[in-house]
Number of protein chains: 2
Amino acid sequence: MYASLLAHIARYVSLSEAEAELLPQYLKPLTLARKEHLLLQGQVCTANYFVVQGCLRTYFLTEKGAEQTVQFAIERWWLTDYASLDAHAPSEFFIQAVEPTQVLVLEQRVQEELFAQLPQLERYFRLVLQRATAAALFRVKVLFGQTGAARYQHFSTAFPEFVQRVPQYMLASYLGFTPEFLSKIRARME
Amino acid sequence: MYASLLAHIARYVSLSEAEAELLPQYLKPLTLARKEHLLLQGQVCTANYFVVQGCLRTYFLTEKGAEQTVQFAIERWWLTDYASLDAHAPSEFFIQAVEPTQVLVLEQRVQEELFAQLPQLERYFRLVLQRATAAALFRVKVLFGQTGAARYQHFSTAFPEFVQRVPQYMLASYLGFTPEFLSKIRARME
DNA sequence: GGCGTTTCTTGAACTAGTTCAAGCGGTGGC
DNA sequence: GCCACCGCTTGAACTAGTTCAAGAAACGCC
């Protein structure tokens, strides 16, 4: 359970064994069923979630009532709504388990204590956020730089296992088009 | 020059006067003419830029050769390409001054020394990155959640001074449509 | 203060992707 | 083992936004 997080932390900063053993005091495991929500629109987001096993997504409802997926998180990704977390404001998003999922929950109010105990983690989260920021910029580049069909083709060759794993309507909205259009792209590819 | 950065840092963490006086050793001022580049596609990005006065943008060239703006930075924003910076890899983006601009340059290789001297800055940059990540998510929400015309209307009521400041073709591509279409939206609004 | 470049506008033809509606297939729940 | 539902497909009509081209306006610079 915690091994996955410790391995991830070790990529960025080093913790002694004694330090590593402190983590379970601060992060609580949680198991989610398929389609279970961690956050509903309108609620204040109070925690950061690390995916040990499974898949989460962030989505919102468009004016027409369609679910628009804005990000996915699979194993070893952190997911939260920083806008809501930082400002203690109601979230505009839903966070939901795409499949049965195990997460570690880091509550915002214990995060400060954790950083006081293990100051290296301040650096760890900075580096995790740098990667997230780079990923967000790349996502905007892909959305603007290529057609829907090209986005699907690149995505499905880059992450073939992931395409199998999530319902196509979630993937379609993540890639910026309708499920019907995705179906037509697949038909065209033969 | 440094007062702007110190005021920004003070929003997130506190530095003593003695600590504040160390900053000029690490960050170098730089003045850019309109349209001057800080980074060209293909170069490795080696620094993080803080805008004291003026405006920067990140853009890339689409297959058709059009400039696609992906982000702007005005006073008190940091801008860099973290993908290139972290991986020491050639950047896919250009970073350019939209107007005459003064920046403070934090070279990647001196950033580590700076954090060793002033560990609070590790936290400062983490918090700056949290805001950037929240802004990136919000941007995706706006791009997917509303039509081009609605995006322009909301943007120009939220940031009227900014709309005056940048050429419309940059704003059009930032908002996800062509300059011609922006012109037509404006005509429709009368 | 005028010249050259850059930026903005307008219109007409076009296209990538949407919308709506109907049918089909798999599968999870009891 | 059956039913209900959810997700996927297909086609036809549609629309938001693009493309291309040409002229008008505005700006920055010496």
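Hydrogens, waters and symmetry mates are skipped; everything else that's a heavy atom, side chains included, is used. Chain A is the first sequence line, chain B the second, and so forth, proteins listed ahead of strands; every chain is numbered from 1. Computed from a predicted model, the values in this text were never measured in an experiment.
- C:dG17 atom P lies 7 Å from atom CD1 of A:I185, rounded to whole Å.
- Checking D:dT19, C:dT19, C:dC8 against the side-chain heavy atoms of B:K64 singles out D:dT19 as nearest.
- Nearest nucleotide to the A:F181 side chain, out of C:dG17, D:dT19, C:dT19: C:dG17.
- Along DNA chain D, the nucleotide nearest to B:G148 and the one nearest to A:Y169 differ in position, and the one closer to the 5' end is contacted by A:Y169.
- Between the P atom of C:dG17 and the CZ atom of B:F177 lies a distance of 18 Å, rounded to the nearest Å.
- For B:R186, counting side-chain heavy atoms from C-beta on, the closest listed nucleotide (C:dC20, D:dT19, C:dT9) is C:dT9.
- One finds a salt bridge joining B:R165 and B:E75 here, because a Lys/Arg side-chain nitrogen approaches an Asp/Glu carboxylate oxygen to under 4.0 Å.
- D:dT10 atom P lies 12 Å from atom CG of A:L182, rounded to whole Å.
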Q) Going through the distances and angles, do B:E107 and B:T46 end up as a side-chain hydrogen bond (donor to acceptor under 3.5 Å, both in side chains)? A) CA-CA 6 Å; B:E107 288 291 337; B:T46 63; 3.1 Å; yes
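- Within a 6.0 Å sphere centred on CD of A:E17, other residues, nucleotides and ligands contribute 12 heavy atoms or fewer.
- Between A:K35 and the phosphate of C:dG28, there is no side-chain N or O to OP1/OP2 separation shorter than 4.0 Å.
- Rounded to whole Å, atom C1' of C:dA16 lies 15 Å from atom CD of B:E63.
- At least one cation-pi condition fails for A:R126 and A:Y12: the charged atom is not both under 6.0 angstrom from the six-membered ring centre and inside a 45 degree cone around its axis.
- Separating the CD atom of B:Q164 from the C1' atom of C:dT7 is a distance of 14 Å, rounded to the nearest angstrom.
- With rounding to whole Å, B:Y152 atom OH is found 17 Å from D:dG17 atom C1'.
- Rounded to whole angstrom, the span from the CD atom of B:E180 across to the P atom of D:dA16 amounts to 18 Å.
- The closest donor-acceptor contact from the side chain of A:S183 to the backbone of A:P179 lies at 3.5 Å or more, if one exists at all.
- Among the nucleotides C:dT19, D:dT9, C:dT7, the one closest to the side chain of A:K184 is C:dT19.
- The interatomic distance linking A:Q146 (CD) with C:dG17 (P) rounds to 11 Å, in whole Å.
- Which of C:dT10, D:dT18, C:dC8 sits closest to the side chain of B:T178 comes down to D:dT18.
- Checked against C:dG17, D:dT10, C:dC8, the side chain of B:Q168 finds its nearest nucleotide in C:dC8.
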